[in-house]
Amino acid sequence: MGGSAFMRCLWAAAAGLLLEARGDPSACRLSPEEYRESVVLQGLNFDGAYELSLAAGLDCLGEITAPLGGVNQSLHAVADFYEQFYAFRYICIDPEDSEQSQAPPFDFGIYGSARGGGASAEASKVDIVKELRQLAASLPEEPSLADWFLPANTLFYRLRDSHVDWKNGGTKADTVLNQFIFFLQDDSSLEAARIEVSAKGKVVVDGYADARFTSAGRELASIDGLPPMQWFRAEMVENPAFNYGFKSLGPRFNRMLTLGRVGLAWLGSHVGDVSQMKPTVEVKYQDGTTGTWSWRWLLLTRSLSACQRFDAECTLNLLKKPLQSPGTLYANALEAFTALQSAHESALTNVAPEFPDDTMLQRLQEDEGLRSLLRIEEHQVPGTKAHAKQAKSARSAAAEPSEVFPRRWLLDPALSPMGASYGYAQLQRGPEGELFAVMKFPRFYLTPDESGGFDVQSRFPDFWKEFLQEAESHQVTKLLVDVSGNAGGFVDLAYLFVRALFPLLEFPVLCNEYDRPVGSLFEAWRKVNITPLVSFLKSPGASAARVKNLTSAKQRELEALLHGVTRACIALDVLSYDDFMLVQEAVDTLELGEMDADTLQQTVKVLSESAASFGNPFTLYLTAFSAEGQVFNPFEETRFRRRGGQENVELSALFHVEDCVAVYTKQFVDALAGVKNPFKDILFLSDGLCGSSCDTAARTAYMLSQQLAVEEGTPKVRFAAFGGLGGTAAEARRTLSATSFPGGNVMSSAMGLLYNPV
């Protein structure tokens, strides 16, 4: 045997021994070459991160596994919830193949059709329930986060509904994933890539628009051989790996730019399946230079101090640990309710969950170390002191107008504990000298901490009347309503604003009608036969016979059953204190073996009456109103329609929601008595991000103006949308809607108040 052959055999034998001693080598490797150290004030090392390639990051995620049973249960539980409570459960299967009537003069584009926002018919089809169950069935024995969480995110993101994500169900996997940051790196500077977009030519209403992209001060010519707009459209705007929950492509792009100006980076829990993305692309600039951008991961070392640096095995075990108990994968009822309760204390809110981009921006505002790791300067991040200082300096440099009308704040930011506001109203003068009114409405919802006790619904009428008085004194008849970036909020505030614009309309005309799909849980509840229970309650002999047959084992079963039913009744808030004490007494007598027939009968009676007090739980918190203003149960008379390619989908009767009826109570009737709207021409200005109850307000106002156009005094309502993908006016009308996710369904209240307790 030659020397070289002998050495190869020796090396092979040694390698075999080493592999046998270690077991299979991990695909996740952490090396010194990949380590980044953050540097903050005065050069202090704050913490660090491993910078991983796209493939290497997925390899590490592929080794963070959880029990199959827990993951399977979690996916099915979320599917169960969407099956029962998602308002678009059927229509999203095939939006275009659904029965939708539009009476003249309305002619809206349907999502998935040629005029439906730019998404293809195939991209708009999502059977969220079926596909979640298919994902659960496809899992390996030890599913990793890359096997289930990221693909599930992609399913949610494909719906393009900003209300839909894991937060409607609850999972702890996001805490593990948020040790990872996914970002687009400018390889020349190692910074998170930043982009600015402006118009190449003069801005013309309904004209052609072409976008100029700049990054790091240089104008982009192409990315991976494509024009920049075309690349961003394909790789991010249309890619369901990123959560841009808007039906139209234009608003998705506008939303992306908010983060693009700072640096394109996301928390790991906020991305979907990125395995098919091209790891590195060539970037060409107009000045002739070239560079590359690469998709990368940062694995943050904070919270991993128990492991030595570069110890991949220890790091992975630490990340796996929170997922090893099945109970950690799906939040329990108490946890879900506690997390959601504050958002539903005073009124129903129809606001999307916080956008992933906003979550990242908040982290960048607060986390100096993370900014350092991504090479993002503080002044680039909105909400930081450095950014505010720079913005103030820019405003000071701008010329002040010669005539300034005072702003009327709907909560002065100076009076908010956190500097927040619902917006302001102001008279302004146009370039040709004409006066017009401006209503800046950036938000329809503030948290209790932001509002500081400010009751926007009760304060709005006086605010509005004072503004109208000023407008009338200057003969102003044009109103610009700026709803750019308004993601929604209080539904009753949205309807209150519409009522202020149309003060003479009665609620059946002004308030929209809604319906809900009828699910299997509703059917199961409706079919419960309570006759045997009624017979039992009316027969003392039956109770005595049941007590006589109570063995020790059956007593324990009955005790557990009473505990469970009692907890459910308490969660549903249908059990009084006295009733609770009676049930507790029954449990005590069971534990002592002293249960008698009368106690058993009274206990069953209390629990039965409590359950019967709300009938079907689907109507418990609905509070639906008829056109006559009467509360009724819309599930008593159901309808059948074609939805998502399916015939005879059962739906509830049409109903009006309490949040619109509320603005016709005596409080608001008196507050708006005698008010007339002086504005004859109303223009809603939007970047397409006006969603949920913002959509309710803007779209309802527009539809009323169209429907009542022939009636004297009806204001004309129009929309002006800006940004988006550019191109011709016809292309913009197809891809840039002024409002988004109409009728968006906030299911958190259903989760906290109904699904978990039942």
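Quick note: numbers below take in every heavy atom, side chains included, and nothing from hydrogens, waters or symmetry partners.
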Verdict with reasoning, Leu685 to Phe722, per side-chain contact (heavy atoms from CB on, under 4.5 Å) = CA-CA 8 Å; Leu685 178 66; Phe722 61 90; 3.8 Å; yes
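- Here the closest heavy-atom approach between residue Ala697 and residue Ala494 is recorded as CB-O, 3.7 Å.
- Val271 and Val274 make their closest contact through CB-CG1, 4.5 Å (heavy atoms, listed as atom of the first residue, atom of the second, distance).
- Remark: Gln365 CD to Lys385 NZ distance equals 13.0 Å, nearest 0.5 Å.
- Between Arg255 and Asp358, at least one side-chain nitrogen of the basic residue sits less than 4.0 Å from a carboxylate oxygen of the acidic one, meeting the salt-bridge criterion.
- By the 4.5 Å heavy-atom criterion applied to side chains, Tyr157 and Phe242 are not counted as neighbours.
- Of all heavy-atom pairs between Gly423 and Pro442, the closest is CA-CD, 3.6 Å.
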message = Could you walk me through whether Arg89 and Tyr82 satisfy the side-chain contact (heavy atoms from CB on, under 4.5 Å) test, starting with their C-alpha distance in whole Å, then the side-chain angles of each, then the deciding distance to 0.1 Å, before giving a yes or no?
response = CA-CA 7 Å; Arg89 149 89 176 89; Tyr82 283 98; 5.9 Å; no
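- The backbone N or O of Ala671 sits less than 3.5 Å from a side-chain atom of Lys465, completing a donor-acceptor pair.
- Using a 4.0 Å cut-off between a side-chain N of Lys or Arg and a carboxylate O of Asp or Glu, Arg459 and Asp455 do not qualify as a salt bridge.
- In this structure, Leu496 and Phe490 have side chains that are not in contact, with every pair of non-hydrogen atoms separated by 4.5 Å or more.
- Side chain of Thr700 to main chain of Thr696: a donor-acceptor pair is present (N/O by atom type, distance under 3.5 Å, no hydrogens or angles).
- Note that CG of Leu501 and CD1 of Ile682 are 4.5 Å apart. Values are rounded to the nearest 0.5 Å.
- For the pair Leu672 and Pro461, the minimum side-chain heavy-atom distance is below 4.5 Å.
- Using a 30° and 60° split on the angle between ring planes, Phe182 and Trp297 fall in the tilted class, from 30° to 60°.
- You'll find the ring centres of Tyr702 and Phe719 inside the 6.0 Å limit.
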request  = Walk me through it: do Val675 and Arg499 pass the test side-chain contact (heavy atoms from CB on, under 4.5 Å)?
outcome  = CA-CA 10 Å; Val675 172; Arg499 190 169 175 219; over 6 Å; no
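- Checking side-chain atoms of Asn153 against main-chain N and O of Ser269 turns up a donor-acceptor pair under 3.5 Å.
- Here the shortest heavy-atom pairing between Asp482 and Lys440 reads OD2-NZ, 3.1 Å.
- With Gln84 contributing its side chain and Phe81 its backbone, the two residues share no donor-acceptor pair below 3.5 Å.
- A side-chain donor-acceptor contact under 3.5 Å links Thr739 and Asp695.
- How far OG of Ser451 is from CG of Leu415: 12.0 Å, rounded to the nearest 0.5 Å.
- Aromatic rings of Phe497 and Phe441 (six-membered ring for Trp) have centroids within the 6.0 Å cut-off, being under it.
- Side chains of Pro240 and Arg160 form a contact here, defined as non-hydrogen atoms less than 4.5 Å apart.
- Proximity of the aromatic rings of Tyr244 and Phe246 is defined here by a centroid distance below 6.0 angstrom, and this criterion is not met.
- Classified by interplanar angle (parallel below 30°, tilted 30° to 60°, perpendicular above 60°), the ring pair Phe253/Phe232 is perpendicular.
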inquiry  = One pair to check against side-chain contact (heavy atoms from CB on, under 4.5 Å): Glu191 and Leu374. What are the steps and the verdict?
reply    = CA-CA 6 Å; Glu191 299 174 352; Leu374 291 167; over 6 Å; no
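- The shortest side-chain heavy-atom distance between Thr384 and His379 does not fall under the 4.5 Å cut-off.
- A cation-pi arrangement is present between Lys247 and Tyr111, with the terminal nitrogen or guanidinium carbon under 6.0 Å from the aromatic centre and inside a 45° cone about the axis.
- Comment: Arg443 engages Glu450 in a salt bridge, judged by a side-chain N to carboxylate O separation of less than 4.0 angstrom.
- Using a 4.5 Å heavy-atom threshold, the side chains of Val481 and Val483 count as touching.
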query = Under the side chain to side chain donor-acceptor pair (under 3.5 Å) criterion, do Asp161 and Tyr86 qualify, and how do the steps go?
reply = CA-CA 11 Å; Asp161 183 341; Tyr86 188 37; 2.9 Å; yes
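- With no hydrogens or angles considered, a side-chain donor-acceptor pair links Asp357 and Trp266 at under 3.5 Å.
- Note on Glu466 versus Arg408: salt bridge recorded, some NZ/NE/NH1/NH2 to OD/OE distance being below 4.0 Å.
- Between Arg261 and Ile195 there is no side-chain heavy-atom pair separated by less than 4.5 Å.
- In this structure, CD in Gln428 is found 7.5 Å from CZ in Arg407, a value given to the nearest 0.5 Å.
- Taking NE2 of His387 as the start and CG of Leu364 as the end, the distance is 12.5 Å to the nearest 0.5 Å.
- Closest approach of Leu446 and Ala420 over heavy atoms only: CD2-CB, 3.9 Å.
- Closest approach of Ser692 and Ala487 over heavy atoms only: CB-O, 3.7 Å.
- With 3.5 Å as the limit, one finds a donor-acceptor pair spanning the side chains of Asn512 and Tyr495.
- Judged by distance alone, the side chains of Asp449 and Thr447 never bring a donor and an acceptor atom under 3.5 Å apart.
- Here the straight-line distance linking atom CG of Asn486 with atom OH of Tyr422 works out to 11.0 Å at 0.5 Å rounding.
- A donor-acceptor contact shorter than 3.5 Å links the side chain of Asn178 to the backbone of Asp174.
- Side-chain atoms of Leu510 and Cys660, non-hydrogen and from C-beta on, do get closer than 4.5 Å to each other.
- Side-chain N or O atoms of Gln179 include one that pairs as donor or acceptor with a backbone N or O of Arg302 at under 3.5 Å.
- For the pair Ser421 (side chain) and Pro413 (backbone), a donor-acceptor distance under 3.5 Å is absent.
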